[in-house]
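In listed order, ligands and their atoms are each counted from 1.
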Amino acid sequence: MVQKYGGTSVANADRIRNVAECIAATHSSGCEVVVVVSAMGHTTDDLLHLAREVSDNDHPRELDMLLTAGERVAMALCAMALRDLGVPAVSLTGSQAGILTTAAHGAAEIVGIRSSRVRESLSEGRVVIVAGFQGVDPDSKEVTTLGRGGSDATAVALAADLEADECEIYTDVDGVFTADPRVVPNARKIDEITYEEMLELATGGARVLMPRAVEFGRRYSIPIHVRSSFHGRPGTLVKEDTMEEPIVRGVAHDTSEAKITIHAVPDNPGVAAAIFEPLAEAGVNVDMIVQNVSHDGVTDISFTVPNRQIDLARHVSNDAADDVGALRVDVDDNIAKVSLVGAGMKTESGVAAKMFRVLSSHNINIEMLSTSLIRISCVVRGEEVESAVRGLHEAFAVGSDQETVR
Ligand code: ADP
Ligand code: ASP
Ligand code: MG
């Protein structure tokens, strides 16, 4: 069994002792247990803030050294609490646990796991506590972090490598909801959801699971159980198929992106490549792209990028705009994305039309659009996103079983 405890679940000494009791109970039931922990409470945010106070410059390597300390604190304290309960436990950093990653500081991807040390400790009857969110680049031996929410990815990747029966993600809500319960008070807990839908919700901004964790789950068929660390009731099971296939499973929103518009781009073959190639080379994650109809041989191109890459994206876009002879570059960081997700959309028509009608009835303008087979996303003004989420949640009645399930 692999269990992951998020920041709120290990926020203070009492919570850590509680968590240790839950782990001890699982261990005494005869399970081999690997535990992945996040940093306590808001530690990661506090460390990021501290770094900014000390320096205005980017120090990707040192930032990763700093941030990985957060998880290291939590793992050691958890191991101490377990040992006090008489449970043999050992804590390991990501690197000691054999979590091998790419070299990208701050956004590294797990590329392999050398779990011999974890397996050895398990075979000696120990509970192994692994620091989440971190790994090591096997070539440079540098320590890396996996991006925000990365402990989820550590947990599911370990579960896959160790062929665990299930990966439990313990968090501060009861499971995956039909919308962020902090924004929509009557959001409903979902009992079962497919990997496919969960991936769309997660990439749409439902931060309860990191997208990469869902990808690992899907690739290696590891059921993921998202549940509360405050009580023992079952949460949400993320798996291959579900009994029901609702048209709309949930609504997600994301305020972590910004929009860049390049004005009056000459409308010639190769121009889009000349803009997006340098962005890709710089490692900017472009999400939505919209190109307008051209007038007089020029067109506007807009796209969204993560807020945290805004300076880099602006710089690369300015250079690219000069190269292709475009007029100017605008950056707008007051945008948000709202997404409707549901496997039943594959065969249902009219969902997009209804979504647009609902947004217009709330006087919300749609600035960009993108769709997949089971998702429709709209970019709207930042201050309008919460009313968009609530309006859509209400209109598609995802809070009620009857209307969403066919
Ligand atoms: P942890 O520290 O346990 O990893 P996170 O803060 O990363 O917790 O994720 C849990 C939070 O995700 C919840 O507190 C909730 O506000 C937010 N959230 C956003 N969308 C959803 C959703 N659809 N279902 C559940 N929680 C959601
Ligand atoms: N502590 C890291 C973060 O806050 C990783 C995690 O919690 O999953 O993003
Ligand atoms: Mg998280």
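- Judged by the shortest distance from any of its heavy atoms, G149 lies outside the 4.0 Å radius around the atoms of ligand 1.
- Ranking protein heavy atoms by distance to atom 14 (O) of ligand 1, first place goes to R182 NH2, 2.5 Å.
- Distances from ligand 1 to the non-hydrogen atoms of P181 include at least one value under 4.0 Å.
- For ligand 2 and R148, the ligand atoms under 4.0 Å from any heavy atom of the residue are 3 (C), 4 (O), 9 (O).
- The option with the heavy atom closest to atom 25 (C) of ligand 1, from among A206, G204, G175, is G175.
- At least one heavy atom of G150 sits less than 4.0 Å from an atom of ligand 2.
- The number of heavy atoms from other shown groups lying within 6.0 Å of CZ (R357) does not exceed 12.
- The residues D241 and K239 are annotated as not salt-bridged, no charged nitrogen and carboxylate oxygen being separated by less than 4.0 angstrom.
- No side-chain N or O of H295 forms a donor-acceptor pair with one of T299 less than 3.5 Å apart.
- Contact check for K4 versus V37: no side-chain heavy atoms found under the 4.5 Å cut-off.
- The aromatic rings of Y170 and Y5 lie parallel to each other, with less than 30° between the two planes, well short of the 60° mark.
- Contacts with ligand 1 closer than 4.0 Å are made by side-chain heavy atoms of K4 only, the backbone lying farther away.
- In summary, D45 and R148 engage in a salt bridge, as defined by a charged side-chain N under 4.0 Å from a carboxylate O.
- Of all protein heavy atoms, the one closest to atom 23 (N) of ligand 1 is F177 O, 3.0 Å.
- Numbered from 1 in the order shown, with element, the atoms of ligand 2 that lie under 4.0 Å from a heavy atom of S151 read 5 (C), 6 (C), 8 (O).
- In summary, the side chains of T26 and Q3 do present a donor paired with an acceptor at a separation below 3.5 Å, with no hydrogens or angles considered.
- Nearest-heavy-atom check against atom 3 (O) of ligand 1 across T171, T178, T44, T8 picks out T171.
- R72 and S91 share no donor-acceptor pair across their side chains, judged by distance under 3.5 Å alone.
- Each of the following atoms of ligand 1 lies closer than 4.0 Å to a heavy atom of G6: 1 (P), 2 (O), 3 (O).
- For G149, the heavy-atom gap to ligand 2 drops under 4.0 angstrom.
- Distances from atom 12 (O) of ligand 1 to the heavy atoms of R249, M210, K189, R207 put R207 nearest.
- One side chain, T101 or T144, offers a donor N or O that lies under 3.5 Å from an acceptor on the other.
- Among the candidates I190, T236, T203, V208, the single residue satisfying the side chain to side chain contact (heavy atoms under 4.5 Å, CB included) test with M198 is V208.
- Counting the atoms of ligand 1 from 1 in the order shown, those under 4.0 Å from a heavy atom of A179 are 22 (C), 23 (N).
- Within ligand 1, the atoms closer than 4.0 Å to a non-hydrogen atom of V176 are 24 (N), numbered from 1 in the order shown.
- The nearest heavy-atom contact from the protein to atom 2 (O) of ligand 1 is G7 N, 3.1 Å.
- By the criterion of a heavy-atom distance under 4.0 Å, the side chain of E71, and not its backbone, is placed next to ligand 2.
- Scanning the protein heavy atoms around atom 7 (O) of ligand 2, the nearest turns out to be S38 OG, 3.1 Å.
- The residue from D180, I193, V251 that puts a heavy atom closest to atom 17 (C) of ligand 1 is D180.
- Of the candidates D172, I190, V208, D172 brings a heavy atom nearest to atom 13 (C) of ligand 1.
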